Amino acid sequence: MWRIDRIAAATVGLTLKRLSILSNRFNGNELYRLIDVVRGDFIIFFNQIFDALCKLSADSDANVQSAAHLLDRLVKDIVTESDQFSIEEFIPLLRERMNVLNPYVRQFLVGWITVLDSVPDIDMLGFLPDFLDVLLLKSVDYGRMAEILVQRAASPDEFTRLTAITWINEFVKLGGDQLVPYYADILGAILPCISDKEEKIRVVARETNEELRAIQAEPAEGFDVGAILSIARRQLSSEWEATRIEALHWISTLLNRHRAEVLIYLNEIFDTLLKALSDPSDEVVLLVIEVHACIAKDPQHFRQLVVFLVHNFRIDNSLLEKRGALIIRRLCVLLDAKRVYLELSTILEGESDLDFACIMVQALNLILLTSSELSELRDLLKQSLVNPAGKELFVSLYASWCHSPMAIISLCLLAQTYQHVSTVIQSLVEEDINVKFLVQLDKLIRLLETPTFAYLRLQLLEPGRYTWLLKALYGLLMLLPQQSAAFKILRTRLKTIPSYSFNGEQFKRTSSGNPYSLPTGSQFSEDGDLNSDMGTSHSGINFNSRLQQFEQMQHQHRMHVKAQVQLRNSSTTVSKEVQRPQEPHQLSPSSDGSRPSSRSSKKGPGQLQL
C-alpha cells in the first residue's frame, strides 16, 4: 500500500507538470482522483496544487469552476487534518496572490483564510497584518464585515473577542474614511472592550479607540453625530470606570469638533450628564464637569446648567454633601468664579425651599472662604467699599446669603463692612441662636485663624481705627458658650490686641446711638465708609436697606420653623389620640410625663437644622 501511495504521489507531480505545460484549462477530475488516493502524501506538492486551484478559480467556464470547487473542498479537508502542513510556508504564497484583482480569485483566497482560521492548531491572527492590507485594497463590504465583527466583539469567548477587536483595529487603520458610516457601531464594540478583563483585548481596544478618534469626519461624509452621542451616553451607565471615562472623552471631542450638531441632541444627553455627577469616581465627575462647562459657554446653556445643578442638589442632599465642593470649585475654574457665584446667588435668592436655601448658601460660603480657586473672588470682595465691581458682587451675594445669618456675618467680615456686621450680630434674636448657628459660628471662629483672614487679624493691631471690627468680634464672643473651644480661641485672640493707639472715648461713641454714626471730626468710619444720613457709603452700598433685607429673610425662616414645629406637634397629638384607646393607663397630656416630650419639641428646630 505504501508503494501504491508513493507511486500515486509521483503521478500527482507528473500530472501537475503536464497541466502547467499544456494549459490552465483542464478537467480537474483526474487530479481529484489522484489526491483522494494519496491524501496527506500530496502535501509536498501543496504549493503547486494551490497555484493550480487559484488559476482554476479565475476560469470563466462553469464546468471548470465546478470541478475546481470540488477539488478545493477536498484539499481543504486534507490540509485541516494534516500535521505536515506548514502555515509559515503558506502565508508568503497567499500574500503573493493577494494583489490579484479578479473577484473570484479573491473570494477563493478569503475562503482559505477562513478555513485555516477555524483550525485550532493554526493561529491565523498572528499573520493578519501580512495579508489584510492587500485584501482591503479593493472595494469591500465594510458594513457587513463591521456588523459581524461588532457582534463577535461581545462574545463570551476570550479568543473570539480578541480576534474580532483585532480585525476591527485593522479595519479602522486601513478602511479609514470608508468606515465613517459605521463609526457608531464600531465605537459600541470598542468602549466595552476597553474595560475587558483580558489585558490583550484592552490594549487593542484602546489603540483602536485612539485611531478612530483621530479620524476627523464631517456629517456630510456620513458621520452620524447623533448615533455616536447615543453610544457614548449609553456607555456612561457602564459598570466600568475606564469605559465611562472614554465615553466622556468622546462627548468632549464631539463638542469641540461638531458643537452645533451636539447641541441639537442636548436634551437627550443632559439628564444623563447630570446624573453622572454622582459617579463614584472623582475622575469621571471632573470630566463630566468639563463637558458641562463646554456646553455652558453659551449664555442660555450656562443658565440652564446652573438651574439644573441647583435642582439636583435640592433633590439629592448627598450630592451636595459629597460632591458639592468639587463641582462648584471646578466650575469656577472653567467658567469664571464670579459668573458662577452671581448666577447661583440669583437662583437661591428666590428659592422657595428655605431649608435647602440655607444649606446651599452655607456650602457656597464655606467654599468661598476656603478654596484656593476662589482667591480672586475673595480679593474682589475685600474691595467692596472702594471698588464698584466689588460692591456689585457684595450686594448680589448679600441677597441670597441672607438665608444664613452666619453666611452674612462671614461675608461682611470678608468685605470689611465691620460696622454693618456688628449691627447684624445685634439684630439676632433668640430663635436665631440655635444649635446649628453655634456649630456654624464655631467653624467661623476657626476660619478666622486661617490665612484667609490674616488681614483681619493684622487690623486688630489698630483697635482705635477698627473699633467696629473689635465690637463685632466681642459680639460673637458673647454668643458662644464659655466652655466651648471656639470661645477660648477667640478670647485668646482678643487678649493679644495691643492697648496702644486705642481711644476709649472713641469706642464709647461707636457703642451708643446710631450704629452708622461717626465720631466727631472723622471722615471715615471704622469700616472705611463715608457717612451719610441714610447710612449709604461712598461705594453706593445702602446698609440700612441691606439690614432690612436680612431681617425680612430671617423673619421668613422663623415663620417657616414655627410652621414646621406646629406641624410636628399636630402629628404627635394625632398619633397619641390614635394610641390612647389601646393604652388606657398612659399618662394624660397634662401630667408630668408629657413634659420631656414638650421640651424636646421646643428644641426641634435647632436639632433638625443641625
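No experiment lies behind these values; they were computed from the predicted model shown. Only this structure's heavy atoms are used, side chains among them; waters, hydrogens and symmetry mates stay out. One is the number of the first residue; the rest follow in order along the sequence.
- Annotation: the span from L411 atom CG to R546 atom CZ amounts to 11.5 Å, rounded to 0.5 Å.
- Classification of E241 and R244 as a salt-bridged pair fails, no side-chain N sitting under 4.0 Å from a carboxylate O.
- Without hydrogens or angle criteria, S400 side chain to L397 main chain gives a donor-acceptor distance under 3.5 Å.
- Within a 6.0 Å radius of CD in E376, no more than 12 heavy atoms belonging to other residues, nucleotides or ligands are found.
- Here the closest non-hydrogen pair linking L428 and P405 is CD2-CB, 4.0 Å.
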ask   = Yes or no on side-chain contact (heavy atoms from CB on, under 4.5 Å) for L477 and I445, after CA distance, side-chain angles and deciding distance?
value = CA-CA 9 Å; L477 185 69; I445 298 305; over 6 Å; no

query = Do D355 and Q564 pass the side-chain hydrogen bond (donor to acceptor under 3.5 Å, both in side chains) test, and can you show the C-alpha distance, the side-chain angles, and the key distance before you say yes or no?
reply = CA-CA 11 Å; D355 291 332; Q564 286 184 320; 3.0 Å; yes

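- With hydrogens and angles ignored, the 3.5 Å screen pairs a side-chain donor or acceptor of R378 with a backbone N or O of S371.
- Comment: E290 engages R330 in a salt bridge, judged by a side-chain N to carboxylate O separation of less than 4.0 angstrom.
- A donor-acceptor pair is defined here as one N or O able to donate and one able to accept, closer than 3.5 Å; no such pair exists between the side chain of H403 and the backbone of Q554.
- Nearest heavy-atom pair across P219 and E261 is CG-OE2, 4.1 Å.
- At least one donor-acceptor pair closer than 3.5 Å links the side chain of T450 to the backbone N or O of L447.
- Counting heavy atoms from C-beta outward, H557 and C358 have side chains that approach closer than 4.5 Å.
- Of all heavy-atom pairs between D432 and F437, the closest is O-CB, 3.3 Å.
- Looking at heavy atoms from C-beta onward, F543 lies out of side-chain contact with V424 at the 4.5 angstrom threshold.
- How far CG of L448 is from CG of L473: 6.5 Å, rounded to the nearest 0.5 Å.
- No donor-acceptor contact under 3.5 angstrom links the side chains of D157 and S155, judged on distance only.
- Contact check for V288 versus L236: no side-chain heavy atoms found under the 4.5 Å cut-off.
- Among all heavy-atom pairs drawn from A325 and I367, the shortest one is CA-CD1, 3.6 Å.
- S422 places no side-chain N or O within 3.5 Å of a backbone atom of Q419 that could act as its donor or acceptor partner.
- The environment of CD in E199 is sparse: at most 12 heavy-atom neighbours from other residues, nucleotides or ligands sit within 6.0 Å.
- You'll find the side chain of R213 reaches within 4.5 Å of the side chain of H249, heavy atoms only.
- Between F356 and V310, the closest side-chain pair of non-hydrogen atoms falls below 4.5 Å.
- Side chains of Q459 and Y418: a donor on one and an acceptor on the other come within 3.5 Å.
- Salt bridge annotation for R558-E551: absent, with no cationic side-chain nitrogen under 4.0 angstrom from a carboxylate oxygen.
- Using a 4.5 Å cut-off on side-chain heavy atoms (C-beta onward), W250 and L229 make no contact.
- Residue-environment remark: CD (E221) exceeds the threshold of 12 foreign heavy atoms within 6.0 Å.
- The pair R161-E198 fails the salt-bridge criterion, with no side-chain N (NZ, NE, NH1 or NH2) lying under 4.0 Å from an Asp/Glu carboxylate O.
- No side-chain heavy atom of Q216 sits less than 4.5 Å from a side-chain heavy atom of H258.
- At distances below 3.5 Å, not a single donor-acceptor pair connects side-chain atoms of S252 with backbone N or O atoms of L248.
- Atom NZ of K382 is separated from atom OG1 of T452 by 7.0 Å, given to the nearest 0.5 angstrom.
- From S195, atom OG reaches atom CZ of R202 across 8.5 Å, with rounding to the nearest 0.5 Å.
- In K338, the NZ atom is crowded: over 12 heavy atoms of neighbouring residues, nucleotides or ligands sit closer than 6.0 Å.
- Under the 3.5 Å distance criterion, with hydrogens and angles disregarded, a donor-acceptor pair is assigned to the side chains of E246 and N209.
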inquiry  = Go through it in stages, so that I can follow the logic: the residues are H420 and Y398, the test is ring-ring contact (aromatic ring centres under 6.0 Å, His included), and I'd like the CA-CA distance, side-chain angles, deciding distance and then a yes or no.
reply    = CA-CA 12 Å; H420 180 68; Y398 195 103; 5.6 Å; yes

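- Salt bridge annotation for R446-D442: present, with a cationic side-chain nitrogen under 4.0 angstrom from a carboxylate oxygen.
- To the nearest 0.5 Å, atoms CG (N317) and CE (M360) are separated by 11.0 Å.
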request  = Quick one: do Q235 and T243 satisfy side-chain hydrogen bond (donor to acceptor under 3.5 Å, both in side chains)? Show the steps, please.
outcome  = CA-CA 7 Å; Q235 293 302 326; T243 295; 5.2 Å; no

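- Contact check on D298 versus R259 returns a salt bridge, with a Lys/Arg side-chain nitrogen under 4.0 Å from an Asp/Glu carboxylate oxygen.
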request  = Check step by step if side-chain hydrogen bond (donor to acceptor under 3.5 Å, both in side chains) holds for S396 and S345.
outcome  = CA-CA 7 Å; S396 298; S345 180; over 6 Å; no

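- Ion pairing between a basic and an acidic side chain is recognised when a charged N comes within 4.0 Å of a carboxylate O; K173 and E207 show such pairing.
- Side chains of F302 and E343 form a contact here, defined as non-hydrogen atoms less than 4.5 Å apart.
- Residues E268 and R233 are not paired through a salt bridge, judged by the lack of any N-O separation under 4.0 Å between the basic side chain and the carboxylate.
- Nearest approach of S410 to L444, heavy atoms of both residues: OG-CD1, 3.5 Å.
- Distance alone, capped at 3.5 Å, is enough to place a donor-acceptor pair between the S570 side chain and the Q566 backbone.
- Proximity of a side-chain donor or acceptor of S484 to a complementary backbone N or O of F487 within less than 3.5 Å is detected.
- Here the side chain of R323 pairs a donor or acceptor atom with the backbone of P280 at under 3.5 angstrom.
- Nearest heavy atoms, K391 versus S384: CB-O, 3.4 Å.
- Rounded to the nearest 0.5 Å, atoms CD1 (I408) and CG (L413) are 11.0 Å apart.
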request  = Take L286 and L326 through the test side-chain contact (heavy atoms from CB on, under 4.5 Å) and record every step on the way to the result.
outcome  = CA-CA 8 Å; L286 290 174; L326 175 66; 3.6 Å; yes

